[in-house]
Amino acid sequence: MAMKKLPKRLLVVEDDPDQCACLRDRLELYGYDVACAADGEQAREMLRTDSFDGIVLDLNLPLLSGNDLLLEAGDRFPQTPIILMSASQSLLRKAKAQSSGQRAYMLKPYGVSQFKYAVQSLFGSA
C-alpha cells in the first residue's frame, strides 16, 4: 500500500487577523497545511520549535520586524522559500536588497492570481 504524501507545511506571519485568515484559507484551498503567527516574536518561537516548507511573511510586524525575522530565517533556513509582502514599496526594496535565496515580493494589495502564481512558483504543489 502506498503511503499518502503529507501536504507541505507553511507558516503565515501576518498581524492583521482578517488578512491572516484570508491567507490561511487561500493556502488551505490550494492544499497546504498552514500555521499562523500574529507577530514576529511568535513566528521566531514557532521557527525554533517546528519545521516549515515555506513562509509567507508580512514585513510590517509588531514586536520583531519582518525584516529582522527575514534575516534570522535566512541565516537559519537558507533553503526555505519565503514570500514577502508589504503595502510599503520601500520595505520591499529593503528586504530585496538584504535577502537572498528563493524569494517572491508582493506589494499589497495584490490579486488572487498574482498570489497563486507566487505560491505555486515558490512552494510548488501542496
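Residue numbers run from 1 in the order of the sequence given.
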Asks: What are the two closest non-hydrogen atoms of Ala95 and Leu70, and how far apart are they?
Replies: CB-CD2, 3.9 Å

Asks: Going from CG on Leu61 to CD on Glu14, what distance comes out if it is rounded to the nearest 0.5 angstrom?
Replies: 7.0 Å

Asks: Using the side chain to side chain contact (heavy atoms under 4.5 Å, CB included) rule, take Tyr110 and Lys108 through it: C-alpha gap first, then chi angles, then the decisive distance, then the call.
Replies: CA-CA 5 Å; Tyr110 48 82; Lys108 294 178 182 181; 3.9 Å; yes

Asks: When rounded to the nearest 0.5 angstrom, what distance separates CG in Leu11 from OG1 in Thr80?
Replies: 10.5 Å

Asks: Indicate whether any N or O donor in one side chain lies under 3.5 Å from an N or O acceptor in the other, for Ser88 and Ser86.
Replies: no

Asks: Just to verify, what does Asp50 make a salt bridge (charged side-chain N to carboxylate O under 4.0 Å, His left out) with, not counting sequence neighbours?
Replies: Arg9

Asks: Can you measure from CG (Asp53) to CZ (Phe77) and round to the nearest 0.5 angstrom?
Replies: 12.0 Å

Asks: Using the side chain to side chain contact (heavy atoms under 4.5 Å, CB included) rule, take Arg44 and Leu63 through it: C-alpha gap first, then chi angles, then the decisive distance, then the call.
Replies: CA-CA 11 Å; Arg44 175 193 271 165; Leu63 304 181; over 6 Å; no

Asks: Testing the basics here: between Lys8 and Gly124, what is the closest heavy-atom pair and its distance to 0.1 Å?
Replies: NZ-CA, 4.0 Å

Asks: Would you please test Val34 and Arg24 for side chain to side chain contact (heavy atoms under 4.5 Å, CB included) and show each step?
Replies: CA-CA 6 Å; Val34 181; Arg24 182 189 61 238; 3.8 Å; yes

Asks: Minimum heavy-atom separation for Pro62 and Asp39, please, with both atom names.
Replies: O-CB, 3.5 Å

Asks: Return the minimal non-hydrogen interatomic distance between Leu91 and Leu59, and the atom names on each side.
Replies: O-CD1, 3.6 Å

Asks: Treat each ILVMFWY residue as a node, draw an edge where side-chain heavy atoms are under 4.5 Å apart, and state whether Ile55 and Leu107 are in one component.
Replies: yes

Asks: Mind checking the OH-CE spacing from Tyr117 to Met106? Nearest 0.5 Å is all I need.
Replies: 11.5 Å

Asks: Can you name the nearest heavy-atom pair linking Ala38 to Gln42, along with the distance?
Replies: N-OE1, 2.7 Å

Asks: For Leu71, check side-chain contact (heavy atoms from CB on, under 4.5 Å) against everything at least two apart and list the hits.
Replies: Gln98

Asks: Got a second to check how far Leu10's CG is from Tyr30's OH, nearest 0.5 Å?
Replies: 12.0 Å

Asks: Please find the pair of heavy atoms, one from Ala118 and one from Ala104, that lie closest to each other, and give the distance.
Replies: CB-CB, 4.3 Å

Asks: Answer yes or no: does atom NZ of Lys94 have more than 12 heavy-atom neighbours from other residues, nucleotides or ligands under 6.0 Å?
Replies: no

Asks: Kindly work out whether a path of hydrophobic side-chain contacts (I/L/V/M/F/W/Y, heavy atoms less than 4.5 Å apart) joins Leu29 to Val56.
Replies: no

Asks: How long is the span from the CD1 atom in Ile82 to the OH atom in Tyr105, to the nearest 0.5 Å?
Replies: 9.0 Å

Asks: Any side-chain heavy atom of Leu57 within less than 4.5 Å of one from Leu84?
Replies: yes

Asks: Show your working on side chain to side chain contact (heavy atoms under 4.5 Å, CB included) between Tyr32 and Val119 and close with a plain yes or no.
Replies: CA-CA 10 Å; Tyr32 297 95; Val119 166; 3.5 Å; yes

Asks: If you group Ile, Leu, Val, Met, Phe, Trp and Tyr by side-chain heavy-atom gaps below 4.5 Å, do Val13 and Phe123 land in one group?
Replies: no

Asks: Using side-chain contact (heavy atoms from CB on, under 4.5 Å) as the criterion, list what pairs up with Asp68, not counting sequence neighbours.
Replies: Leu64, Ser65

Asks: With the side chain counted from C-beta on, respond yes when Gln19 and Asp58 share a heavy-atom pair under 4.5 Å apart, and no when they do not.
Replies: no

